[in-house]
Amino acid sequence: GRHEAEKMAEVVACRRQALEIFQKLRYAVKEIPISSNPSGWLPPQGVKQDLPFRIERSKNGMLPIYSDIKNGRTRRLTVLRKIDGDIKALAEDVSRLCDGKPVEIRTGQLQVKGNYNDRIRAWLLALGF
């Protein structure tokens, strides 16, 4: 009914806003894939452009994006693991994606202050990972 229509309109608006952000990045995307699975899981779509970095999925097929809560539950980090290749190029785009927040490069992972899991996941899926 009406509730489902409102929810769908909200999803469409959110996807439109995400695409506007994604198109300003160095590795632009044209569309965001939609999952019919309740968990939001999608198989890798295959990377369609020559990217200088790679992200490997976890053993259970999920993208390696995690939340880390520190300082007595007052500081939230978004962590991207299983990265390879030109980490600096990846970090620059992740920073743009996360409203210009600084990205900390650690061994085998990137860390951003704040909760950007959904935004990073949508971008990586749109890139084909």
Side-chain angles (χ1 to χ4, degrees):
R2 205 173 77 189
H3 180 68
E4 286 180 21
E6 288 173 8
K7 197 171 185 180
M8 195 60 191
E10 188 178 310
V11 167
V12 168
C14 184
R15 290 169 60 81
R16 190 175 301 124
Q17 181 184 16
L19 270 175
E20 286 174 16
I21 293 168
F22 296 169
Q23 287 170 350
K24 293 175 186 166
L25 303 177
R26 186 177 324 161
Y27 308 105
V29 294
K30 305 250 184 298
E31 64 183 51
I32 302 170
I34 299 174
S35 173
S36 59
N37 190 320
S39 71
W41 184 84
L42 276 168
Q45 305 294 304
V47 178
K48 294 169 183 63
Q49 50 187 314
D50 190 23
L51 300 173
F53 54 83
R54 288 183 309 285
I55 285 104
E56 185 183 326
R57 288 195 176 213
S58 64
K59 286 179 184 159
N60 64 357
M62 303 300 282
L63 285 168
I65 303 164
Y66 306 93
S67 291
D68 197 2
I69 299 170
K70 301 205 179 261
N71 290 8
R73 303 185 64 80
T74 61
R75 185 170 155 217
R76 187 170 188 140
L77 294 176
T78 300
V79 181
L80 176 60
R81 297 184 186 145
K82 295 183 171 264
I83 55 177
D84 193 23
D86 188 350
I87 307 302
K88 284 189 177 174
L90 175 59
E92 286 173 18
D93 259 10
V94 168
S95 176
R96 287 188 195 116
L97 188 62
C98 299
D99 306 322
K101 295 252 174 112
V103 174
E104 201 172 318
I105 300 173
R106 296 279 178 95
T107 306
Q109 66 182 32
L110 299 179
Q111 294 182 348
V112 189
K113 286 181 187 171
N115 182 9
Y116 294 99
N117 292 26
D118 294 340
R119 196 180 288 186
I120 293 172
R121 181 172 286 107
W123 179 62
L124 292 177
L125 286 170
L127 284 175
F129 289 107

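The model shown is predicted, which means the values in this text are computed figures rather than measured ones.
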> Can Y116 and W123 be said to form a side chain to side chain contact (heavy atoms under 4.5 Å, CB included), step by step?
Replying inline: CA-CA 11 Å; Y116 294 99; W123 179 62; over 6 Å; no
Within this structure, what is the [atom1]-[atom2] distance for the pair [X] and [Y], rounded to the nearest 0.5 Å?
X: D99; Y: R119; atom1: CG; atom2: CZ; answer: 4.5 Å
X: K82; Y: I55; atom1: NZ; atom2: CD1; answer: 12.0 Å
X: L124; Y: L97; atom1: CG; atom2: CG; answer: 8.0 Å
X: L110; Y: L90; atom1: CG; atom2: CG; answer: 5.0 Å
X: R75; Y: K113; atom1: CZ; atom2: NZ; answer: 5.0 Å
X: N115; Y: I120; atom1: CG; atom2: CD1; answer: 9.0 Å

> Who are the side-chain hydrogen bond (donor to acceptor under 3.5 Å, both in side chains) partners of D68, not counting sequence neighbours?
Replying inline: K70
>> I'd like to check F53 versus I83 (side-chain heavy atoms, cut-off strictly below 4.5 Å). Are they in contact?
In response: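 In short, these two side chains do not touch, never coming nearer than 4.5 Å.
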Mind listing the closest non-hydrogen atom pair of [X] and [Y] along with its distance?
X: R57; Y: P64; answer: CA-CD, 4.3 Å
X: Y66; Y: N117; answer: C-ND2, 3.8 Å
X: V112; Y: C98; answer: CG1-CB, 3.9 Å

> Under 3.5 Å, side chain of S95 to main-chain N/O of K101, donor-acceptor pair present?
Replying inline: yes
>> Would you say CG of D84 has more than 12 non-hydrogen atoms from neighbouring residues, nucleotides or ligands within 6.0 angstrom?
In response: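 Check passes, neighbour count above 12.
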> Taking everything shown except N60 itself, do over 12 heavy atoms lie less than 6.0 Å from its CG?
Replying inline: yes
>> Do L63 and L77 sit in one hydrophobic cluster, given that two such residues count as connected whenever their side-chain heavy atoms are within less than 4.5 Å of each other, even indirectly?
In response: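 They do not share one cluster, since no chain of ILVMFWY contacts under 4.5 Å joins L63 to L77.
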> Can you list the steps and then say if K88 with I105 is a side chain to side chain contact (heavy atoms under 4.5 Å, CB included)?
Replying inline: CA-CA 8 Å; K88 284 189 177 174; I105 300 173; 4.3 Å; yes
